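What follows is one structure encoded as structure tokens, with my remarks underneath.
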Amino acid sequence: MNLALWLERAGRAHPSVPAIGLGDKVYADYAQLAERAARIAGGLRVFGLRPGERVALVAKNHPDYIAILFGIWHAGLAAVPANAKLHGAELGYILEHSGARICFASAGLDAEIAPHAPPTLERLIVIGSAEYERLLTADAIPPQPRAGGDLAWLFYTSGTTGRPKGAMLTHRNLMWAAHAYLADVDPTLPRDPILHAAPLSHGTGIYVLPHIARLGVNVVPETGAFEPEEIFRLFRRWPRVSMFAAPTMIKRLVDSRAESDPDNIRTLIWGGAPMYVEDVKKALDRFGPRLAQIYGQGESPMTITTLSREDVADRGHPRWLDRVGSAGRPYACVEVMVADADDRPLPPGEIGEILCRGDVIMAGYWQNPDATAKTLAGGWLHTGDVGAFDADGYLSLKDRSKDLIISGGSNIYPREVEEVLLQHENVREVSVIGRPDAEWGEVVVAYVVGEATPGELDQLCLSQIARFKRPKHYVFVDALPKNNYGKILKTALRELDAARRENVYG
Ligand code: AMP
């Protein structure tokens, strides 16, 4: 079944229900949104695209983003949403690799893309241009038939480890992801809003779908930037609002002095990176029992485990600290196993790679059979993440295997050390890495944003973790390297650390 049917039906049955919000205002109702998508689909016909061909969408969060996405599906084509903040050369790679002949782009981004556009790209349609407006006046067509296993969204991974790979998400995958959200994260009622403050090309874009299925309102902020003042204002404007945010964004809201009233918030969902327990506590103090966590990846879109609002808020539970430090329990629709090197299940408490299986898992990587075979070996998605279940079935994520520090033969998980350092009241951010060392193999180095002395930090570590885990060196910096989604890039930090040492000692 084609996902586009959700919008087409909503447009017919509930034409006047608000569908898209732009800042404070209702931008389109379901009739208008459905009509736009059907016209875009009709307009795309002139390019003679075959069913399943890819159409790229390189745009900042724009109120027409969702009409274009659904227009592409409506036409029986596959969408390639790419992060608008990427460099032109990175976008050029995605355009070439996906083989997209048509690309929608926000005004201004066309200049960034054009010098890197591959020869396969035939048309760059700027949103809001005369050509785009003409598309919107094309005759609407009926939704084209699609099977559940057909490609819907080519999801380029954020590339924290080299070239991005295109995870092939099918209509069926996305339907499961949408239902999983409604069942396990955030029961949504008609007219419930969701605020898309993070890029729609990534995680929050997946949450468009349950909100279309349930007749919710997808709201985009007016300014492209993440401004706590504006976010809080929009929370006040849209009662029962939910929002997905990276932990760094939640932290900015918590630290902001902007006037805020959490009562309107339905659920604040964090994910994409770990949120430290100290930060969860502060967020709970500010927002109350309205926080939930998701753990997923492009290959299993936002859907591996989830920590419910109830679990996050249950401060009286004897194992609450462990639970809020975990990534929660598996979603109903997916099997999750912690496995040894031979893909055999490990008992609770033992650390291994996280594998998952189910209808939400990608069909494979676009044009990359080797990576597909490796990642989906034996029918299980090999996430590359490392973790352990506890006896109650909660999954604790350790660091990615390549971030693990091995010092003097002992394994040290950076996150454990980071959790401790963050308890210092003047430490704002921290990232712990391993530095190659002739004697120890690696030594622990902490990069710290904040005001503290190495002595104070050492004391903190000595009071809570084994001696061998405490950093040998502290480096105080103004900021940590992050990617466009606000994730700290340990690979970049390790390179920076190596370069720094060369400068100092070379
Ligand atoms: P991406 O595919 O770019 O969304 O990156 C997915 C990766 O982000 C996962 O494989 C994890 O390593 C990390 N990640 C996602 N959600 C969480 C979470 N809730 N806690 C810790 N790490 C996470």
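First listed ligand is number 1; within each ligand, the first listed atom is number 1. The first residue of the sequence shown is numbered 1, and numbering continues consecutively from there. Here the structure is a predicted model, which means the values were calculated and not measured.
- Contact annotation: for Thr157 versus ligand 1, there are no heavy atoms closer than 4.0 Å.
- The N/O atoms of Trp270, backbone and side chain alike, include none that comes under 3.5 Å of an N/O atom in ligand 1.
- The ring of Tyr93 has its center no closer than 6.0 angstrom to the ring center of His116.
- The N/O atoms of Gly298, backbone and side chain alike, include one that comes under 3.5 Å of an N/O atom in ligand 1.
- Neither the backbone nor the side chain of Ala327 comes within 4.0 Å of ligand 1, counting heavy atoms alone.
- Closest heavy-atom approach to atom 15 (C) of ligand 1 within the set Gly296, Gly271, Ser300: this belongs to Gly296.
- The shortest distance between side-chain heavy atoms of Lys398 and Leu404 does not fall below 4.5 Å.
- An N or O contact shorter than 3.5 Å is missing between Leu397 and ligand 1 by distance.
- Applying the 4.0 Å criterion to heavy atoms of Ile294 picks out, from ligand 1, the atoms 16 (N), 18 (C), 19 (N).
- Contact between Ile304 and ligand 1 is absent, with no heavy atom of the residue lying under 4.0 Å from the ligand.
- At a 4.0 Å heavy-atom cut-off, ligand 1 touches Gln293 through the side chain alone.
- Note: Arg357 CZ to Met337 CE = 7.0 Å, rounded to the nearest 0.5 Å.
- At a threshold of 4.0 Å, the pair Arg266-Asp192 counts as salt-bridged, since one of the basic side-chain nitrogens sits closer than that to a carboxylate oxygen.
- For an aromatic pair to be called close, the ring centres must be under 6.0 Å apart, and Tyr181 with Tyr207 satisfies this.
- Within the 4.5 Å cutoff, the side chain of Thr170 has no heavy atoms near those of the Trp153 side chain.
- Taking distance alone, with nitrogen or oxygen atoms compared against 3.5 Å, Arg415 stays at or beyond that limit from ligand 1.
- By the 4.0 Å heavy-atom criterion, Met302 is excluded from the residues contacting ligand 1.
- Classification of Arg240 and Asp263 as a salt-bridged pair fails, no side-chain N sitting under 4.0 Å from a carboxylate O.
- Salt bridge present: Asp403 and Arg494 bring a charged side-chain N and a carboxylate O closer than 4.0 Å.
- Between Asp385 and ligand 1, a contact under 3.5 Å exists for at least one N or O pair.
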